[in-house]
2 protein chains.
Amino acid sequence: MAQNRRRPTRQRTAVQALLEQTDDFSSAQELHARLRASGDAVGLATVYRTLQAMAADGDVDVLRTDDGEAAYRQCSTGHHHHLVCRTCGATVEVEGPAVEKWSERVATEHGFTDVHHTLEIFGTCADCARAARSS
Amino acid sequence: MAQNRRRPTRQRTAVQALLEQTDDFSSAQELHARLRASGDAVGLATVYRTLQAMAADGDVDVLRTDDGEAAYRQCSTGHHHHLVCRTCGATVEVEGPAVEKWSERVATEHGFTDVHHTLEIFGTCADCARAARSS
DNA sequence: TTTGAAGTTGACAATCATTCTCATTTAAGC
DNA sequence: GCTTAAATGAGAATGATTGTCAACTTCAAA
């Protein structure tokens, strides 16, 4: 299901490499700017296309920030959710088998099929909470 | 906490009335077009402002569609989630106390505070599945 | 290795939702 | 009725994302 007929180009490789060294969710614009800064320039449209392709292949996770921007992150494989610090963007991957089962059951009960869900938890991480308190 | 110092204007009333007769999530653009069509014209900027204010007051629920647009819907009070048909937009409100507890526990375990979460379930409703099959 | 078809890229234009600006209008209370 | 701050709206501005299309690669067959 993953990595269908995609060619290994310099650009794709650069994007993948960058995602590998990045722990938090980043927008396409951000990644594009970073690539440019690192000398490994890649066209903006290409960054978008690559990220979308990777997302479609399940190689990266996507989420929408509160203001509607798409943010990408390379994650461990398998279905999981994210606990994201709304201040510094730190991310923790979490799993919730119970949630998966629950959403599937609820959907089935209402006659829905081909179900898919999104669940993100936003909060303030311990570090940021401490920083805010001492400011 | 809700409805702080807001004036009851014709425009605000029109938006509220429209939301009351609408069952599915609709974008600001959609609502604006519908108001215009019904003769109750309201400026686009006002529709946006009103919806945001209502969302801030907790009078409407907001969610982001897959392509990043904000969609609004008037809902029953209290915390709940949505089961949305990705074809026709039909919406079912669902509650999941287990999910609430789980997300809170997980967040706490990782030192996060001031936690908030979003959970939406997308699928194909029975009607749309039937329609697709018979096409 | 050469070669051609098909997948990719990138600069830039085009979309399109959302926000901003600011002059004008309106509700609330006196 | 009069004053004032909130609210409105037309249109410009913003900004992320997508579309366009000619030029450029990759792949694999010859």
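Order of the sequence lines sets the chain letters (A, B, ...), proteins ahead of strands, with each chain counted from 1. All values reported here derive from a predicted model rather than from experimental measurement.
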Original post:
Can you find a side chain N or O atom of A/Gln11 that sits less than 4.0 Å from OP1 or OP2 on C/dT8?
Top reply: no
**OP:** Report yes if at least one side-chain N or O of B/Thr46 is closer than 4.0 Å to OP1 or OP2 of D/dA7; otherwise report no.
**Re:** no
**OP:** Taking B/His117 for its side chain and B/Val115 for its backbone only, find out whether a donor-acceptor pair lies under 3.5 Å.
**Re:** no
Subject >> Toward the 5' end of DNA chain C, by each residue's nearest nucleotide, A/Arg36 or B/Leu44 >> reply: A/Arg36
**OP:** Grab the CZ-P distance between A/Arg6 and D/dC27 for me, whole Å please.
**Re:** 15 Å
Subject >> Which residue lies more 5' along DNA chain C, comparing B/Arg10 with B/Ala70 via nearest heavy atoms >> reply: B/Ala70
Original post:
Quick one: is B/Gln29 getting a side-chain N or O under 4.0 Å of the C/dC16 phosphate, OP1 or OP2?
Top reply: no
Subject >> Given B/Glu30, B/Glu20, B/Glu93, the one that forms salt bridge (Lys or Arg N to Asp or Glu O under 4.0 Å) with B/Arg73 >> reply: B/Glu93
**OP:** Assess whether one donor atom and one acceptor atom, taken from the side chain of A/Arg7 and the base of C/dT8, lie less than 3.5 Å apart.
**Re:** no
**OP:** Step by step, work out the side-chain hydrogen bond (donor to acceptor under 3.5 Å, both in side chains) result for A/Thr46 and A/Arg49.
**Re:** CA-CA 5 Å; A/Thr46 302; A/Arg49 278 186 297 240; 3.3 Å; yes
Subject >> For atom CD of A/Glu69 and atom C1' of C/dT18, their distance in whole Å >> reply: 12 Å
**OP:** Could you state the atom-to-atom distance from CZ of A/Arg64 to P of C/dA17 in whole Å?
**Re:** 13 Å
Subject >> Separation of atom CG in A/Leu35 from atom C1' in C/dT9, rounded to whole Å >> reply: 14 Å
Original post:
Could a donor-acceptor pair under 3.5 angstrom be found where the side chain of A/Arg49 meets the base of C/dG10?
Top reply: yes
Original post:
Whole-Å distance between C/dT8 P and A/Arg12 CZ?
Top reply: 6 Å
**OP:** With the side chain of A/Pro8 defined as its heavy atoms from C-beta on, choose the nearest nucleotide among C/dG10, D/dT26, C/dT8.
**Re:** D/dT26
**OP:** Report the distance from atom CG of B/Asp67 to atom C1' of D/dT18, rounded to the nearest whole Å.
**Re:** 12 Å
**OP:** Could you tell me whether A/Asp66 and A/Arg86 have a side-chain N and a carboxylate O separated by less than 4.0 Å?
**Re:** no
**OP:** Under the side chain to side chain contact (heavy atoms under 4.5 Å, CB included) rule, what do A/Leu119 and B/Trp102 come out as? Steps first, then yes or no, please.
**Re:** CA-CA 12 Å; A/Leu119 165 59; B/Trp102 172 79; 3.6 Å; yes
**OP:** Mind calculating the distance between CG (B/Asp40) and P (D/dT8) to the nearest angstrom?
**Re:** 13 Å
**OP:** In whole angstrom, give the distance that lies between atom CG of A/Leu31 and atom P of D/dT17.
**Re:** 11 Å
Original post:
A/Thr9 near the nucleic acid: base, sugar-phosphate alone, or nothing, with a heavy-atom cut-off under 4.0 Å?
Top reply: sugar-phosphate
Subject >> Distance test, side-chain N/O of B/Tyr48 to OP1/OP2 of C/dT18, below 4.0 Å >> reply: yes
Original post:
D/dT18 phosphate, OP1 or OP2: any side-chain N/O from A/Gln52 under 4.0 angstrom?
Top reply: yes
